[in-house]
Amino acid sequence: MVLRKLSKRDAVTKLKAVQEFGAMCQERQPDVVKGVLPYWPRIYCRISMDHDRRVREATQQAFEQLVLKVKRNLAPYLKSIMGHWLISQCDTYSPAASAASAAFQAAFPLNKQPEAISFCKDEVLNVLQDNLLKETADTLSDPQSVPEEEREAKYIRLLTCSLLALKRLLNILPDQDRELLKERLTQLITQGKFWKYSKHKTPQIRGAFFELIATMCADAPQLIQAEAARACSAVLLSIDDTDPVVLPPLWEAVLHILSCIDNCWTHVSARKGVMPKLWVLLKEGGQGLATSLHPNLLPFISKLPAEVTQPNLEFSRTFLTSVIQGLSSDRATSSPSESAAIIFATMECLRFIILQNAGDEQEQRNIQNMLISEQLLPLIDRALGNPSLQTGPLFPQVSDMLLSWEKWVAGKETPTFQRLLSDFWEGLGHLCTTYVDCEEAKQTALEGIASLLQIMHNPNSASKQTKKKKTVKVCFTDKEDRGQGEEPPRETPVVEEQHCPLRNGHLLDLVCQLAELNMVYVSDRESERHLRFLSQLLGAFPSPQVFQVLLRPEEMKPEMGPELRPLAESTAVYFLLQRVTVWLKQDDRKDTDFLVDMVFSSLQCCSSSDDKTLILNHISRDLNWSVTLQLIEKACADPVRLGVCVSWLRGPVLGERLVGLAGELCVMGLRGSSSSSSHHAHGWPLISLALSQQHNNEPLIGKAYVKQIIDELHATLSEAKGMSDAGNMEPLLTFISDVAATFFSSVKGCLLLASAEELLMTVFQLCAQNQIFTHLSDALLLKLQHAYTAGIQSLITHLGAGATKGTLLHNIGLWVKSQLLTIPLTVKSVTNTCFNVVSEIFYGLQWCEEMELSPPMVSEYHKLLQTWSLEQRIHNDSLIQTTLFDTLFTRSSHSLQHVIVCFSQTASENSSMFWNPWVQLFVCANCELIVRLSEFFTSPPAGVQEQLPPELNSEWKEFFLEGIHNLLLSLLIKIPGEAVGEALTYIPVELLTQNKLPPRFVADQRSSLPEPLQTLLNTLSPLLLFKARPLQLAVYHILHKVMPLLPESDSESASAKSDDEDGEEPCLSPPAALMSILSATEELLENILGGVQVGEFAVVQPLSMEHCFILGYLLAWKLLFTFFKASSSHLRAQYSLHLKKTRSLHKLLLHLFRLMPENPSVPGQPAEPSGKEPKTFFTESLSLAPRKTDGLQFEVPHLACLVYYGALKDLPAMVRLWWNSQEKRVFSTVDKFTSKYVSGVLSAQEIASVQSSTQTFENMMVKARSATREVIATYSVDDIFIELVIQLPQNYPLGSISVESGRRVGVAVQQWRNWMLQLSTYLTHQNGSILEGLSLWKNNVDKRFEGVEDCMICFSVIHGSNYSLPKKACRTCKKKFHSACLYKWFTSSNKSTCPLCRETFF
């Protein structure tokens, strides 16, 4: 059956059939699968070349499963498969090729693969030859049934794969086997059609052809040499092919042809046919393919014979000019990688040409001069005006080349390189001088010169990316060329000497020349750009010779103090004092960053650290604060510079200046006067930097000066705290809080300083005091709290949390205790700071010795609050109500557990007290604690469970849980409250089923539930419509716990009724309390939503009356669906009939399509669709938390979607019946919405439930296929075998489920049709899952085999809706019928005769 489907034309049918075949190969026994092997080669050879790539991929995956199952049994069929198998491994669709390779590896280990292909080599070559020489698009596919475009695409793919398969065949075959195929391969390559593929219009074919030619040159050179003329023309004349697919294999073939065929240039004209194409290609920069093309240029020119390159001068000029011109192409200017590839190729080819012409003959000298003056120097000139070339690999490559030339000079191999170096440096000097000797010199050019000279001096400064790319180039050099001499000079300096500076004096002479020239413009014309250039030069070359040329000999030496006389001979020091410090002190100079770099360059010429400290002390006395800040910042950023400056940083000169600065800033801040901009802009950051930075775990500045600065800050803060008018001190306090926060958070052990402790204490006091007196803004208060938190964090982390007498924590605790009794510490400051910050930290750390015992703590607080006139203040300020109770009633769980029980007992006895606001607040605090405790005991945090006493959990469950919840349940009835309801959501279900609520029953209410459960439902169900959303949700969560228990009570009464029921189908009502809620709200919803058409979205205002009614209505339906899910099949049928009669579900569905949004996507998703499916209200769960406050506008739409999902899942037949009865517009709207948003989710869940089901059936096996949305049921008993395929529709569950026949053995055709019809009926009309429908059908078949006869009305043993057996027998013919079937027969026919024998039925 499956193999027959594989011959179908439809791609989807073939895809399903292949997937099914793979699954069968995986599931069936090897003996069964072996039976397929004789038919498989023919099928495989056809569908492995299918036009649909999904079919090809699935074919290879199925083949792998077949291989794994049959193993060695595949050998007899290998020759007929191997050709197409090899072609499939070269498929242009990568997943299909990977799958074919995986199947090949599954069949043969790596070491056996050559042997396997060798075994089938003749057959493989037959297939490939036929594909390449005989097949056409029309012979490959039927022209009458396949479109021309599809035929052509298939033919092109087959040619490409065949060429690549031939390449793979040659690669993998051993040498002796290739020799055996030599004659047949010769027949192939002598065909003109084969060589025409080099000019084929399709790039993939050309690329595959050139790959094959390269492989033939490497593995079978005699074949190519025999066809040299065709091969050279096909490859070398295609050198201008710039298709991205073709160019890499083409150049691989070019290099192989040059190596393989010695006289290749006799077959093509280099000057007319090849080189002109190459020059055009190079001038265009490879047309955006430089990264693939240019690495091949060096191997290419190294293989060119003399007759092609004559005359050498013109050839070299044309070649390099064309390559360099490619830098001007659009792609090279926009792509750094393209530009870098061209630079690499230029430099390595230039070095190669120089090595090839490293002689003293006139022609060779001409070539050398041309390379330097016409190629290299103009290229550097171009780079100096182009920032992108400056950052590329050109400068490192030039430096690398010079190092290699110097190596040749040192080796005294030839005077050529000495001459080359002289010419280069002379030309470079002239070039650089031209740029520098100009008043309007370009900043880009000056930066480029500095960068070039720096890289020449220190090749380490070249970027890592450039170095990486240099090493990549090695792979493009053929092994044969290593003996020719170009490789070692090109590569060796990169590896061995990249850390070596240039060994001759050319570079330093040029630097001195440029520095001297540059100084003229700096001194005479005050050129800013020349000054920056000088800073860069000195940064790269901080040598005395350079500083010497910067000082004019006629200038007088400056007067120096006695401390600087030992440095009298240092030109760098003279330059620093005479020039740099003067520039730094200029008032109009804004940017001093590069001048600070000059300071460090000058210091590098000093030998000892004492000298450097002397100089820094001398110059720093007069520097403004911005320059000092830059000096310290640059020193901290560089470990080398920091080592230079550390003595100065910790010395007295800087330390005293910083202490003076801190004092000056504080004095000005206290006066409220605005200081100079330099002080404000740079003073505080400088103080913060000096305090926060560390070097080797020591302060950056001297410890004594740190203490003095902290003392100054503390004194200033204390003084500001005592001032009455602090409004003008906002900037000062802001700066101090920022400095303190940085100091506390960054310096380890900072609180070892007594002054730092005092500062932290003062910060805390400022936080705690009333803003009315301190005049602190909210923003400043936040900054102070941040500083205080950082200090406490440092204290706890680094010094421990001791609270002994005299420590900081102890002092703060005593201060808080004393301040609680004073007036200025108001409610707001206490609640915000003391209770929210202090009590949280100090309680956990046992912050005071006198408060170590927990229970007395409550009474201590009570006394303090009484003294503080709590009773009077509590009525004036509602803020303290929540804060104080929250603080007090979350401190000691042990004592408060007893409080809860005692309070609950008192409360239950006297309900009038609840109208007291104090009592209500106390109730809320108790309930909040119950919620927290319940959460804790339900799921303790990780690692906490082991630390608890072993009896704590059992004590909570056995003693507290029952008492608390029983009292709260009765309390909820007396006064419905949100807090009480939330606490009851954690009540165990056992307490609900055995509740002690006062009985509540409704007249005429038919119920089989136990009295406690009926009372619970009648009591709590009305609260679903309570005018408070948290209580509605709390009641929902409580009732949700008992819903699964309710159907048990109905099952007994229903079975008792069914024995006596002779009339129509029995009907049973779901819980009457819920049904009354539905009936009460249905009319309200009709009034609310009546004006909205079905399919339109009605927006419901959150927390409105409408929101309350709709929420209660939807929650009641969610409870009903939970009840349905827990019911058995026959009970569900009776409940469904009741819903059908009352039309409740019909009304619900109409309301839902007014409440569900047209696009139920979860808000907040990115607009651009990603690879994943978008989240919708049907895929995401809804948090029905009572306390939830955000996203309430989406709650009703989301809940409506989930209720609709529940209706489709639990009552599919009822929804299907409603859908079919709707008018055309509603019918279409429901169908589109369900198909688009719900069916996929529901089908996937249904299939997944079948796959993950642990339910087992005797004599029946059930499997599911998610890809095809199918469920396969296999029933077997004795000699009978039945296979059924259940196919879910696209709009599941609205559309009817199709049942297709699989295999059947031993079953009559008529019986088989009856059973298929029965299963289809069960799946269509029963409100349950597919597994439940299959279980019902299996029971029916089992009864049939047990001898129970079918009912001759419905032709089924088990009734389709009430699941009863045929019991009512005719006295005449003795046939039995279902009661419901007979009732329907009698009422519809208006007769009382037997349906079979037509006698009167008694």
Side-chain angles (χ1 to χ4, degrees), residues 278-286 290 294 297-298 301 312-333 336 338-357 364-402 404-405 417 419-438 441-453 455-456 466 506-507 510 513-514:
L278 180 61
W279 303 150
V280 173
L281 182 60
L282 294 178
K283 286 175 183 176
E284 294 172 347
H294 283 67
L297 294 180
L298 177 61
I301 64 171
N312 285 340
L313 178 63
E314 285 305 315
F315 176 82
S316 302
R317 177 184 285 124
T318 307
F319 174 71
L320 286 173
T321 303
S322 301
V323 176
I324 293 173
Q325 189 175 335
L327 285 171
S328 304
S329 65
D330 293 340
R331 187 63 187 271
T333 54
E338 293 283 307
S339 172
I342 296 174
I343 293 292
F344 273 119
T346 304
M347 293 305 299
E348 60 189 10
C349 291
L350 186 143
R351 291 171 65 175
F352 171 74
I353 294 171
I354 285 178
L355 285 173
Q356 295 295 95
N357 296 276
Q364 293 176 324
R365 288 192 174 200
N366 292 340
I367 291 175
Q368 294 163 14
N369 292 334
M370 181 273 297
L371 293 175
I372 297 294
S373 61
E374 295 182 27
Q375 306 298 335
L376 183 57
L377 289 174
L379 181 58
I380 294 174
D381 189 9
R382 178 199 287 246
L384 292 179
N386 188 336
S388 63
L389 290 179
Q390 292 174 16
T391 56
L394 176 61
F395 292 169
Q397 285 285 298
V398 171
S399 173
D400 188 26
M401 181 184 69
L402 295 177
S404 69
W405 288 357
F417 293 101
R419 185 175 63 255
L420 284 170
L421 284 170
S422 300
D423 293 347
F424 173 78
W425 285 110
E426 182 183 349
L428 183 64
H430 178 71
L431 178 64
C432 295
T433 304
T434 305
Y435 278 109
V436 175
D437 192 10
C438 173
K442 293 181 180 178
Q443 188 69 37
T444 304
L446 295 178
E447 288 176 358
I449 293 171
S451 174
L452 172 62
L453 298 177
I455 289 173
M456 287 179 171
T466 305
H506 289 299
L507 177 60
L510 177 58
Q513 177 188 348
L514 294 176

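For the pair Asn369/Glu374, no side-chain contact is recorded, criterion being any heavy-atom separation below 4.5 Å from C-beta on. Proximity of Ile380 to Phe424: side-chain heavy atoms (C-beta onward) are separated by under 4.5 Å at one or more points. Looking at Leu282 and His294, their side chains come closer than 4.5 Å, going by heavy atoms from C-beta outward. Considering only heavy atoms from C-beta on, Val398 comes within 4.5 Å of Met347 through its side chain.
Between Ser339 and Leu389 the shortest heavy-atom distance is OG-CD2, 3.4 Å. In this structure, Leu350 and Gln375 approach most closely via the heavy-atom pair CD1-CB, 4.2 Å. Nearest heavy atom pair, residue Cys349 against residue Leu320, reads CB-CD2, 4.3 Å. Residue Gly285 comes nearest to Ser329 through the heavy atom pair CA-OG, 3.8 Å, listed as atom of the first residue, atom of the second, then distance. In terms of heavy-atom proximity, Leu402 sits nearest to Leu421 at CD2-CD2, 3.9 Å. Ala345 approaches Leu297 most closely through the heavy-atom pair CB-CD1, 4.2 Å.
A donor-acceptor contact shorter than 3.5 Å is absent between the side chain of Ser451 and the backbone of Glu447. Distance alone, capped at 3.5 Å, places no donor-acceptor pair between the Glu348 side chain and the Leu298 backbone.
In this structure, CG in Leu371 is found 6.0 Å from OG in Ser316, a value given to the nearest 0.5 Å.
Taking the six-membered ring where tryptophan is involved, the planes of Trp405 and Phe417 are tilted, since the angle between them lies from 30° to 60°.
Heavy-atom neighbours of Glu426 CD from other residues, nucleotides or ligands within 6.0 Å: at or below the threshold of 12.
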For this session: Carefully, step by step, assess Arg382 and Ile324 under the rule side-chain contact (heavy atoms from CB on, under 4.5 Å).
Result: CA-CA 10 Å; Arg382 178 199 287 246; Ile324 293 173; 4.1 Å; yes

Exercise. After noting the C-alpha distance and the side-chain angles of Met401 and Leu376, does the key distance pass the side-chain contact (heavy atoms from CB on, under 4.5 Å) rule?
Worked result: CA-CA 11 Å; Met401 181 184 69; Leu376 183 57; 3.3 Å; yes

